[in-house]
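In what follows, chains are A, B, ... by sequence order, proteins preceding strands, each numbered from 1.
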There are 2 protein chains.
Amino acid sequence: MPTINDVAKRANVSPVTVSRVLNGAPNVNDMTRLRVNRAIAELGYVPNIVARSLRSRRTRSIALILPDITNPFWPTVARGVEDAAQRDGYTVLLCNSDENAQKQARYLEAVISQQVDGVLIAPANSDAANLAPLRDRAIPTVVIDRRVDGWDGDAVRGDSVGGAELLTRHLIELGHRRIAMLSGPATTSTSQDRFAGYQAALQRAGIPLDPDLVRFGEFRQGSGAEMTHAVLALQPAPTAIFAANNAIALGAIQAVGERGLQVPQDVALVCFDDVSPSAQLFPFLTVAEQPAYQMGLEAARLLFARLDEGDAHPPRLITLPVRMIVRYSCGSGRGESILSLPLPHTAVVAA
Amino acid sequence: MPTINDVAKRANVSPVTVSRVLNGAPNVNDMTRLRVNRAIAELGYVPNIVARSLRSRRTRSIALILPDITNPFWPTVARGVEDAAQRDGYTVLLCNSDENAQKQARYLEAVISQQVDGVLIAPANSDAANLAPLRDRAIPTVVIDRRVDGWDGDAVRGDSVGGAELLTRHLIELGHRRIAMLSGPATTSTSQDRFAGYQAALQRAGIPLDPDLVRFGEFRQGSGAEMTHAVLALQPAPTAIFAANNAIALGAIQAVGERGLQVPQDVALVCFDDVSPSAQLFPFLTVAEQPAYQMGLEAARLLFARLDEGDAHPPRLITLPVRMIVRYSCGSGRGESILSLPLPHTAVVAA
DNA sequence: TTGTAAGCGTTATCAT
DNA sequence: ATGATAACGCTTACAA
């Protein structure tokens, strides 16, 4: 592996000059720059980022810590982050915490050890203690998708409360009164907020909350199936289900099928997050779609801005609008129509 | 950020001794080790991997370069890699080449620059020139899922030919004679091999190959939909479709629906790779499932073995068996039965 | 069992 | 516009 010194010798300059060329410093003679670039090409030289980072104390890398890489929502967020990072010349370390606070803690230590310049994290739960290693070292951090109690730093979230309220209201308007709410862990803010929206919609419609119809589990298909079986066994059973995310909704569809019933004929279903990429295949599934790609993009931008500016600005919170996509099929069941509504009572808020 | 020197001072030892404790060297006095560990804990010291890597010339990181992170097949592979890596204390850099040779080249340069110890790659195409930077620098590499012409290094693949033949034969046994083959880029070996298996099955059944029924596009839903529309517009139209991967199959389902038809009533469909996690939702879809998780696991193990052994062993090729899952529904369409067949003529081959 | 010295490849700083 | 020097934090090699 050729080093900067090899390049310097071949170009008859000092290593410092090569470094200047590599970093696009303005004060380099055009001829010199040419010679250096030729030497770089001839040797197939690639800078050693490890050495650069050690000296410059910046790695131009960020960590992206996600709770579940097998849920298509998160890879979409990741692509937004990647695209933003690529534009700014940052490398993304993608970590999968598996919704597990311990695994998340291990990854945090790992990426601190890797000297990442900043961290994007969708935390496994809303306990700020889990983020202490970041705060202690003053590592710029943007929290994605979820609230963390007592943490006031940069954050990007979808409007969980508003979206949940809208979905629930939709079911109510269709005539449903026994609506089950199948949610993720009670310790995540998205579970809490979507439950709050559900509760608000019921209250506004004068429908009493039946605690039996509210379940907290995991944001996974298996958990969704279990919870669905549980609520469908109730007497009387709910006529509609609100799934707090796409994986839970898939579990619901599965469980409904296992009981010899069908969505939407026998049980109505709505959910948060789209079930992409196969969304078109469920023309009956009304969803509150969060702009996943944009969420990643905005979060990364926020982080890069913070890395540039330091603590000049106060923390920023970006709340992204959620749009409800009402899908319904007509006639034979093969028709497809998508009705897309902008959410009136949400907006991008800079706090 | 405390350094190894801070720890050394607090524990009244030299930095070298701290380094020994960190790396689990055997020749350290128990009392000393205790003092050092206490100092580490008290200071909240985390080793600087950048400095360690610069000196030791090993980063304990590997790159995983995948063609499409939004296809659930690849995240599953990634989880296998991650799990193997975590066990061996390696960090995985996940890169998404987007099936794009240029983007792949940029990522290769980036991870070389990052000094990764090794690379796992599912190459965007079968041209060995794309992997030259790895070969030139003698960076241990394992090629996943796809062949690279003229590259003889470690590799892990599924049995594309056998799986394709099995799927095609299945359709033939169901009575189909006009079977469309919708594939990915002709430059990827998986497209080529699956086409070869398709061809072999037709030939064995004495069915002439109709070039109009064979299409090469991209491994994406959109491409699958386009190709489906194209072949369904033929006169006479095919009665069955073999999709070369899950995304193409989803596109086929979509396009069939858009034409007012249904799978499997109007058009039969089989595909390579499962459409997980929504597999249960398509109880009609017969697939050739590659063991994605295991593929990642084996590939990582192969790489770690290579990193340990150097070039002691000749290149190893692991071909993983593909299992065909025949799904069929009875009666109302809600029944689910899965018939799983081990593939008789495939095996793990160590070459 | 522990320590000293040197150096990994780059860039910050200061000088010319 | 270019160069000399030192330093980033750690581990290797050697010494005690």
Where chain A begins and ends its contact with DNA chain D, read 5' to 3' at 4.0 Å from heavy atoms: D:dA1 to D:dG9

Partner residues of B:Asp145 under the salt bridge (charged side-chain N to carboxylate O under 4.0 Å, His left out) criterion, sequence neighbours left out: none

Listed partners of A:Arg301 passing salt bridge (charged side-chain N to carboxylate O under 4.0 Å, His left out), at least two apart: none

Considering all heavy atoms, the nearest A:Leu54-B:Ala51 contact: CD1-CB, 3.7 Å

Please tabulate, one pair per line, all N/O donor-acceptor pairs under 3.5 Å involving side-chain atoms of residues 36-43 of chain B, not counting sequence neighbours.
from	atom 1	to	atom 2	distance (Å)
B:Asn37	ND2	B:Arg33	O	3.3
B:Glu42	OE1	B:Arg10	NH1	2.3

Residue closer to the 5' end of DNA chain C, B:Asn12 versus A:Ala51 (nearest nucleotide): B:Asn12

Contact list for DNA chain D against residues 42-49 of chain B - heavy-atom distance below 4.0 Å: B:Tyr45, B:Pro47, B:Asn48

Qualifying residues under ring pair (Phe, Tyr, Trp, His ring centres under 6.0 Å), relative to B:Tyr45, sequence neighbours excluded: none

Outermost DNA chain C nucleotides near chain A [under 4.0 Å, heavy atoms]: C:dG9 to C:dA12

Counterpart residues, salt bridge (charged side-chain N to carboxylate O under 4.0 Å, His left out), relative to A:Asp98 (two or more places apart): A:Lys103, A:Arg220, B:Arg79

Carboxylate-amine/guanidinium proximity below 4.0 Å for B:Asp149 and B:Arg147: yes

Evaluation steps, side chain to side chain contact (heavy atoms under 4.5 Å, CB included), between A:Ile318 and A:Leu320: CA-CA 6 Å; A:Ile318 296 180; A:Leu320 296 173; 3.8 Å; yes

Estimated bend of the helix from C:dT1-D:dA16 to C:dT16-D:dA1 (axis per five terminal pairs, rounded to 10 degrees): 30°

Sugar-phosphate, base or nothing in reach of B:Val13, heavy atoms under 4.0 Å: sugar-phosphate

Nearest atoms (heavy-atom pairs only) where B:Ala300 meets B:Ala84: CB-CB, 3.6 Å

Heavy-atom check, side chain of B:Tyr90 versus side chain of B:Leu303, under 4.5 Å: no

Sugar-phosphate, base or nothing in reach of B:Thr32, heavy atoms under 4.0 Å: sugar-phosphate

Near-strand residues of residues 15-23 of chain A, defined as heavy-atom separation under 4.0 angstrom from DNA chain D: A:Val16, A:Thr17, A:Arg20

Electrostatic pair A:Arg106:B:Glu82 at N-O distance under 4.0 angstrom: no

Donor-acceptor contact below 3.5 Å, side chain B:Arg60 vs main chain B:Asp88: yes

Polar side-chain atom of B:Arg146 near backbone of B:Ala122 as donor-acceptor pair, under 3.5 Å: no

Result block: side-chain N/O donor-acceptor pairs under 3.5 angstrom for residues 128-138 of chain B, not counting sequence neighbours:
from	atom 1	to	atom 2	distance (Å)
B:Asn130	ND2	B:Asn125	OD1	2.7
B:Arg137	NH1	B:Pro133	O	3.4
B:Arg137	NH2	A:Gly44	O	2.6

Salt bridge (charged side-chain N to carboxylate O under 4.0 Å, His left out) against B:Glu298, all qualifying residues, sequence neighbours excluded: none

